[in-house]
Amino acid sequence: MSDPVSIEKALSAATDKLRGISEAARLEAELLLARAIDMPRSFLFAHPEDELDEDALQRLDETVVRRLGGEPMAYITGSKEFWSMQLAVSPATLVPRPETELLVDIALRDIPRKADWQILDLGTGSGAIALAIARERALCSVTAIDISADALAVARENANRNTIGNIEFLEGDWTVPVTGHEFRVIVSNPPYVCAGDKALDALHAEPLSALAAGEDGLEAITILARDCPSIIEDNGVLLLEHGAEQKESVAELLMSYGWKRIQCYDDYSGNPRVTSAHHYETI
Ligand code: GLN
């Protein structure tokens with residue numbers, strides 16, 4: 001039998017291990033231990049001297065090892081907060097990023113409160129953007145598309161969990177499932193990282209298809225700029241998330257496909273992150 005280990009002792013040991021890979025090592029250790037003993041985090045602060053049994057220690061250890069192997073916390077805990085919703089995530093979906101809330105924010109500025117518009121989210125993943133918009137604009141009908149059936153299962157679960165009904169999910173390649181339909185607003189956080197980018201190493205647990213988009217990272221955005229004009233209403237708006245270095249190339253691409261009033265917005269870290277563009281039918 002090994003010596004008894006208290007909550008506090010287990011927490012400091014796990015924190016030390018996580019320090020090398022995380023700036024929030026103590027918080028992560030707390031979340032992992034709380035999960036290992038199936039108690040809220042507050043329990044740890046109230047009972048630092050409580051001893052942990054072998055099973056709990058083993059469960060903690062397993063998750064610390066996964067974290068040290070580069071798995072995001074959200075995959076280990078199974079959920080991530082986005083736009084004040086708790087969303088399920090799985091390795092089939094990208095973990096929603098805080099900067100993507102900017103895309104939601106800008107979309108909501110364009111959609112009046114009482115609007116009953118058709119809204120489209122392309123490459124919805126966990127459904128984060130589509131669900132946030134659907135929740136904030138209850139009279140709108142949101143369509144969310146993804147090519148991954150596994151991702152759509154997660155997105156549907158998120159709609160149920162958050163009791164959001166004004167949304168439908170379709171499986172398919174970008175705009176293909178909605179050929180012949182028209183939307184007033186189209187949003188997307190497509191893959192936009194350059195295929196050889198070293199940043200991908202740190203993101204190896206997440207689906208590469210949701211992150212990388214060819215040599216220049218613009219493959220998916222090119223498809224959207226090219227294909228969205230045929231499924232957007234006159235005066236409709238397209239909102240795209242993109243990389244911090246892609247502001248100019250995204251604007252050029254959009255211009256080359258006839259988009260107008262192109263405008264880029266910085267995220268909360270000051271990086272160009274979202275571009276909006278309008279579509280007008282030519283007479
Ligand atoms: N912003 C993400 C990252 O670099 C990439 C998301 C995306 O490609 N859509 O971590």
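What's counted below: heavy atoms across the whole structure, side chains too, no hydrogens, waters or symmetry copies. In each ligand, atom 1 is the first atom listed, and ligand 1 is the first ligand listed.
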What pair of heavy atoms forms the shortest contact from D266 to L102, and how long is it?
-> O-CD2, 3.4 Å

Derivation of the side chain to side chain donor-acceptor pair (under 3.5 Å) call for E28 and S22 | CA-CA 8 Å; E28 292 191 5; S22 169; 3.0 Å; yes

With a 4.0 Å heavy-atom cut-off (strictly under), which part of A199 contacts ligand 1: side chain, backbone, both or neither?
-> neither

Determine whether the aromatic ring centres of H279 and W259 lie less than 6.0 Å apart.
-> yes

If we number the atoms of ligand 1 from 1 as shown, the ones under 4.0 Å from a heavy atom of A210 are 7 (C), 8 (O), 9 (N)

Subset of ligand 1 atoms that lie under 4.0 Å from at least one heavy atom of L203 = 10 (O)

Between P190 and ligand 1, which residue portion shows a heavy-atom distance shorter than 4.0 Å: side chain, backbone, both, or neither?
-> backbone

Which of the ligand 1 atoms, numbered from 1, are nearer than 4.0 Å to a heavy atom of R97 | 2 (C), 3 (C), 10 (O)

Among the clusters formed by ILVMFWY side chains lying less than 4.5 Å apart, do L33 and I21 turn up in the same one?
-> yes

Counting distance only, does the side-chain N/O of D234 pair as donor-acceptor with the main-chain N or O of E281 below 3.5 Å?
-> yes

Identify the heavy atoms of R137 and I111 that sit nearest to each other, and give their distance.
-> NE-O, 2.6 Å

Contacting atoms of ligand 1, where contact means under 4.0 angstrom from a heavy atom of E99 | 1 (N)

Nitrogen or oxygen of Y192 less than 3.5 angstrom from that of ligand 1 | yes

